[in-house]
> 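I am attaching a structure below and will ask some questions about it afterwards.
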Amino acid sequence: MRVTIVEARRWGGEASWAGAGMLVPGSEYEEASDALRFALQSLTLYPDFVRELREASGLSIDFAQCGSIELAGTEEELAAIGERAKRQAELQIRAERLSNADLRRIVPGIDSGLAGGYLYPGEGQVDPRTLMAALRVACERSGVEILENEPVVALEWDRAALYASVGSGKILRAGCGVLAAGTWSSQLGKFLPATFPVKGHLIGYPLRPGSLPHVLRYHHTYLVQRQSGYTVAGTNEERAAYDRVVNDETCLEIAARAKRLWSELPEKAADGWIGFRPGVNAEGPYLGRWKDSPLWLAYGHYRNGILLAPATAERLSTQIQASL
Ligand code: GLY
C-alpha cells in the first residue's frame, strides 16, 4: 500500500518525544481485563518490533527487558500489590515478592523505610526518541512519504475516498486513513470520541550507566534508566489544556519525591520537560473503523502510547487490509 504520514509539527515530536518509555503493564492495569490483555500482547511484540526496526533502519534502539519493581511503602500496600499480582497471574504475568532486604540488596540507596515490592521480570523500558528515529528511517526506506508541519484541519469522506484538508491548503485524497493525532485527534470532528490533554512533567539526570538495574515505581513516582545512564524521573498529571510551560517548582517536587525513593540521585535534575498524554473519559484507546467510513481511529492511549504502539499497529493494519 502507498502510505503518507501527515504530521502537524515534527515527526514524533509530542508525547512520543516526551514519554519515559516504561513498558510496565503490571503496575498500569489493575485487573485481568481486555485492556491488560492488549497491553501484554503489545509487550510480547516489542522484541520483534525493535529487531525489525533496527534491521530496517540500521539504527540502534535503546530497549531493555530489565524488569520493573513496584514499591510498597507499608505492609498493607505490599499485600494489595500481592493480591493484584494473584489476579494478574491468570494472564501469566510473572511477579516476585521482594522484602525490604531484597530491595536494599538489588538497588543500593533505595529508601530503607519501604516495606518491599514486587519485581515484574518480563517488563522493561524503551527510549522513545531512539525508537521514533529508527521508525522514521524504516518508514522512509519502505517508501512511506512523511509530510511535516502540515496539520490536518478537516476530514471528509464519500463512498470512494477520505479527504484530508491540510494547513497549506491542499486536499489529500486516500482510500482510507488512520487518525492517530494523540490528544489533538478529537479536534478533527465533534462526532469523534473525546480525548483531552493530561500534561505531565518529567526530569532527567546524567548518571553512571548500569547504576539502576530496574524500572522503579512508587505510585506516581518512577525512575527509568537508559543504557547511557541517563535517568528519567516522573511525574505529575495536570488538566492544563495545552500549556507548554515547564514549571520549575513541579520539577523540584518530582526531584524530591524521586530522591526520597533513591538517595543516589542528585538534589536537582539536569533537565525538565513536559508532554501531553491523550486522556480519555471511557477506557481507551479508540481503535478501529469509524462506523462505515474510510476513517480508522488509533488514539486515546493515555499513559501507555509507547507500550501499546506495536499492538495498535498490528490491529489497525490487519483490520484495514481485511477491509479491502
Ligand atoms: N506512562 C507514564 C506516564 O504517563 O507518566
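On a predicted model such as this, the values are computed, not experimentally measured, just so you know. Just the heavy atoms: all of them, side chains too, but no hydrogens, waters or symmetry mates, feed the values below. Counting starts at 1 for both ligands and their atoms, in listed order.
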> If you measure only the distance, is there a donor-acceptor pair under 3.5 Å linking the side chains of Asp127 and Tyr230?
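There is no such pair (donor and acceptor under 3.5 Å, judged by atom type) between the side chains of Asp127 and Tyr230.
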> With a 4.5 Å limit on heavy-atom distance, are the side chains of His214 and Ser68 in contact?
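No; the side chains remain at least 4.5 Å from each other.
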> If you measure every N or O of Asn304 against every N or O of ligand 1, does any of those distances drop under 3.5 Å?
no
> Who passes salt bridge (charged side-chain N to carboxylate O under 4.0 Å, His left out) against Arg136, sequence neighbours left out?
Glu140, Glu148
> Relative to the heavy atoms of Tyr222, which atoms of ligand 1 are at a distance of less than 4.0 Å?
2 (C), 3 (C), 5 (O)
> Give the atoms of ligand 1, by number and element, whose distance to some non-hydrogen atom of Met22 is under 4.0 Å.
2 (C)
> Do Phe276 and Trp17 have their ring centres less than 6.0 Å from each other?
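Ring centres of Trp17 and Phe276 not closer than 6.0 Å.
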> Give the residue, atom name and distance (to 0.1 Å) of the protein heavy atom nearest atom 4 (O) of ligand 1.
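Here the nearest protein heavy atom works out to Arg277 NE, 2.6 Å.
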> Give me the nearest non-hydrogen protein atom to atom 1 (N) of ligand 1 as residue plus atom name, then the distance to 0.1 Å.
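Atom 1 (N) of ligand 1 sits closest to the protein heavy atom Arg303 O, 2.7 Å.
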> Answer whether the closest heavy-atom distance between the side chains of Trp184 and Thr195 falls below 4.5 Å.
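When only atoms from C-beta onward are counted, Thr195 and Trp184 do not touch, as no gap falls below 4.5 Å.
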> Any non-hydrogen atom of Tyr302 lying under 4.0 Å from ligand 1?
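Checking ligand 1 against Tyr302, which is what was asked, there is no heavy-atom contact under 4.0 Å.
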